[in-house]
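For reference, the structure is listed below as structure tokens.
Quick caveat: nothing in here was measured; it's all calculated off a predicted structure. Letters go in sequence order (proteins before strands), and every chain restarts at 1.
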Amino acid sequence: MVTVRLNVNGVAHEGRCEPRKLLADFIREDLGLTGTHVGCEHGICGACTIMFNGEAARSCIMLAVQADGAELMTVEGLMRDGKLHPLQEAFREHHGLQCGFCTPGMLITALDLLRTNPSPTDREIREGISAVLCRCTGYQGIVNAVRAAAPTLVAGR
Amino acid sequence: MARREDGRFLTGQGSYVDDYRPARLLYAAFLRSPHAHARVVRIDASAALTLPGVAAVLTGEDLARSAKPVRAASKTPAVKVTSFPPLALGKVRHVGEAVVMVAAESRYVAEDAVERILVEYEPIPVVTDMEGALRPESPLLHDEAGTNLLVSREFARGDVDEALAGAALVVRERFRFHRHTPVCMENRGCLAEYATGSGTLTLRSSAQCPGLVRDVLSDLLDMPEHRIRVIAADVGGGFGAKASLYPEEIATCVMARRLGRPVKWIGDRREDLLATTHAWDEIVEAELGVDRDGAIVGLRAQVTADVGAYSIYPWTAAIEPVQTISFLPGPYRVPTYRGRTRGVATCKAPLGPYRGVGRPPAVFVIEGLMDRAARQLGLDPTEIRLRNFVRDEEFPYKSPSGIVWDRSSFTASLLRACEALDYAAVRAEQARARAAGRWLGVGVASYVELTGIGSAIPVSPGMPIATGTEAATIRFDPAGKVTAVFGVASHGQGLETTLAQIVADEVGVPIDDVRVIHGDTEVSPYGTGTYASRSLVLAGGAAILAGRAVREKMLVIAGHLLEADPADVVMTDGRWAVRGMLDRSVAAREIARAAYTGARRLPTGLEPGLEATRFYDPYYGTASNATHVAVVELDRETCAVKPLRYVVVEDCGRMVNPLIVDGQVHGGVAQGLGAALLEEIVYDDQGQLLSGTLMDYVVPSACEVPWMEVHHLETPSPVALGGFRGMGEGGTIGAPAAIANAVADALVPLGIEIAELPVTPDRLFRLIEHARARG
Ligand code: FES
Ligand code: FES
């Protein structure tokens, strides 16, 4: 067993786990943050995407021990003062989700995109979110949501 | 209107099966067969059982002592009934079949234990080719069937042989629609808890049909239904993949009952690709005869489906092949028809329902034939369709396979699609592109789909279980808020929103005052679940009936409170008032409170309480239709197909929530496009799965899906309550055909027809090379 100390959504955590434990499983099982989903466990679907030291990363292909000392943000960390993040609002308004399974990874990925490219074209949005597979929406509502949220995020900086 | 379920999904508070973690939970893992066909000689689990943290191991023989084998029964002799043991019994029939189950303190330990189990197999010859499986010398999958031909059926109308002999033109093709799989982003999973004290079993499952699973578990486990609760809370996509009963569900229940501890199994993606039902794997040989004007005189076809190793419960192996042959005539007047269909067992994962069931291949075939005929007659593809659609004055129209189409908008949807696209301008642009040596194509596909099926016909042919009804319970509490409970189950469709909209309208309260509960057999009225584009038609219809019953009672109570004749009470702006005297009114809350106060505040003899449960049976069901038009360009270097425009004009009758309808179309089209261009389940000739990861089974990402332009016609269903027509599957039905036709249209200069899907770059490359060699 190894000890992992990390900060998740602004809260310090310490946990003990086997060295082989995946970060995604650690987040879900040891920290109880079940918003991060696992869809493939081989780095393709993007459902498990979280912010790792400020950048989007796939938690299913990392070990929990690799996150020792790291700062993470998961979907649970998006709300502020009990209010939805503007990106979450936009997903709701533009029907950017159906079953909701890809949504946490999609939100984090879109946030990462808008961080590096605050006013992307539709093509750039599609490329940016292509790291996450969604089987329900055909991506149209998601593209609409990201496009709509971009100026709000810029204004909020 | 934005969806009411979104709040929890956006904040990571959904409750999918894997999110539930009761105390004393055990985690399950399955040892799966590495062989496509082999006898199981010996299983030695002793090394697994000594591993610390392992609670139990279950083999097929252990399981057979606690549960009956699954047999997807059928009333028709067209279907051979075979067993599907939850854990292999005696032999394995496909790679990935579950052989042994382990329950341990963590999934990690469970998988360690799986690795320590020794299974001795004796391989037997494998058959993976559906036509080969029909030869007398082929290895046999199910001895009890005596043949690999599990399904065979024929539909006929008139003398098609004579009609084709006299036709001005007969076009024929051997079409191949390869094997696909739904790929829900949430893998399948389930969690069983058995309360030894009360003798109750609770199964949480990523299931589309909790009611159906409850009913069959009762039989298999020999427990009364009222002691079994099946919960499908949040489910991460279904698309048909989660509509069947699965071996892991049964095994998990047996394990939990045996150990008296909760047991959870969450499939990984490999297990999903290996052991979730596959789809659409068919060869269709078809001939279409037309007269000089392009009017259809006859259609003759034979469908052969590779149904895989097992007949699935409850749909049986017949669901795909029979639907394909039933829907082949499409929205057209087909005076003579003979359609034969065969379902053949091979050593692959079972074939099951996937969005559209049978119709994506059927539409690919009929629409491909229509285009071939049009090209040979020098007609525009839109023209030949307009000449053959069932005309508005001909509804209701009985199709050659016996399905009755109610009033639909076949012609209007095509005309509207041409207008939305500016068809003439696109054709002109195509001519310019062609002159410049570019490969640009336009593809049209029209279809009609049977939806919201009632009790007149089974959803799958010969299936003995009843799927023709659903119910709604609508209950006011004394504070005037409404709870509406349904037996259907949402897995992304937004039923918590659309059904709440219907209920709110019926009982005259704001939508925020309605809470919809679904997917829990313990609290819902009897029902089966969500599949076959039925939920809005059946559950929506039941909501209307239950809402009406509640409203009637509210009128009586309101009349009493207002000292007026109930016939004079009207509902306006959320208040119940006396007609012509709108200041004399009561709120729903006051009516509800009175209803629960008892005799003192109610008219004499009126039963207290304010709730109703009503069942709805749409009997024959209804139909949706649409026209899809795709414009694609082929890259001359890479042979990649790039969709440039995609237009859908669909008619789902009265729309409750246009945003949700659009979303269903978008998602459906994306799946159809994946099916047409990217996705393919591939086995080698030894039955090894070669597409066992999402790297190999390519699901479209945002970059591959084009912008979609969706338009609606709203022809209310003349037969379904509320005028609804189901629509969840349509996008996937039209897209493969529209894309295939567009690709063929782009390649007209080379004389290439598309008869095989997916039309991947390497297939296209070979077709083009071949055409060039031909000159
Ligand atoms: S679960 Fe991590 S990428 Fe799919
Ligand atoms: S909303 Fe279901 S996978 Fe994206």
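Contact of the B:L659 side chain with the A:H94 side chain is not registered, since no non-hydrogen atoms from C-beta on lie closer than 4.5 Å. For the pair A:H42/B:D268, no side-chain contact is recorded, criterion being any heavy-atom separation below 4.5 Å from C-beta on. At least one side-chain heavy atom of A:L133 sits less than 4.5 Å from a side-chain heavy atom of B:L694. Annotation: side chain of B:F9 is not in contact with side chain of A:C99 (no heavy-atom distance under 4.5 Å). In this structure, the side chains of B:Q671 and A:R135 come closer than 4.5 Å at one or more pairs of heavy atoms.
Taking a cutoff of 4.0 Å between a charged side-chain nitrogen and a carboxylate oxygen, B:K264 and A:E29 do not qualify as a salt bridge.
Chain A forms more heavy-atom pairs under 4.5 Å with one residue of B:H666, B:H491, B:R270 than with any other, namely B:H666. Counting heavy-atom pairs closer than 4.5 Å to chain B, the top-ranked of the candidates A:C134, A:G77, A:G100, A:P104 is A:G100. With chain A as partner, the option from B:G267, B:S490, B:P182 having the largest number of non-hydrogen pairs under 4.5 angstrom is B:P182. Ranked by heavy-atom pairs under 4.5 Å with chain B, the list A:E89, A:K21, A:E93, A:E76 is led by A:K21. Contact count versus chain A (heavy atoms, under 4.5 Å) is highest, among B:D6, B:V235, B:T693, for B:D6. Note: B:T11 leads B:L273, B:D662, B:T11 in heavy-atom pairs under 4.5 Å with chain A. For the options B:I266, B:N187, B:V699, B:V665, heavy-atom pairs under 4.5 Å to chain A are most numerous at B:V699. Note on B:M1, B:R8, B:E679: by heavy-atom pairs under 4.5 Å with chain A, the leading option is B:E679.
Here the CE atom belonging to B:M185 is positioned 9.0 Å from the CE atom belonging to A:M106, to the nearest 0.5 angstrom. We find the NE2-CG distance between A:H85 and B:L10 to be 12.0 Å, quoted to the nearest 0.5 Å. Separating the CD atom in B:E5 from the CD atom in A:Q98 is a distance of 10.0 Å, to the nearest 0.5 Å.
Heavy atoms closer than 4.5 Å to chain B are found in both the backbone and the side chain of A:S130. Contacts between B:R21 and chain A at a heavy-atom distance below 4.5 Å involve the side chain alone, from C-beta outward. Residue B:D18 touches chain A through both its backbone and its side chain, counting heavy-atom pairs closer than 4.5 Å. Residue contact with chain A, scored on non-hydrogen atoms closer than 4.5 Å, is absent for B:E704. Both the backbone and the side chain of B:I660 have a heavy atom closer than 4.5 Å to some heavy atom of chain A. The parts of B:P700 that come within reach of chain A are both its backbone and its side chain, each placing non-hydrogen atoms under 4.5 angstrom from that chain. Contacts of A:L84 with chain B are made by side-chain atoms alone, with heavy-atom separations under 4.5 Å and no backbone atom involved. Of the atoms belonging to B:Y108, heavy atoms from both backbone and side chain fall under 4.5 Å from chain A.
In plain terms, the two heavy atoms of A:F101 and B:Y16 that are nearest each other are N-OH, 3.4 Å. A:L97 and B:R3 get closest at one heavy-atom pair: O-NH2, 3.4 Å. Counting all heavy atoms, side chain and backbone alike, B:F239 lies closest to A:C136 at CZ-SG, 3.7 Å.
A search for side chain to side chain contact (heavy atoms under 4.5 Å, CB included) contacts involving A:R123 returns A:T121, A:R126, A:E127, B:C703, not counting sequence neighbours. Under the salt bridge (charged side-chain N to carboxylate O under 4.0 Å, His left out) criterion, A:R58 pairs with no residue, sequence neighbours left out.
Shown here is A:R5, whose CZ atom has no more than 12 heavy atoms of other residues, nucleotides or ligands within 6.0 Å.
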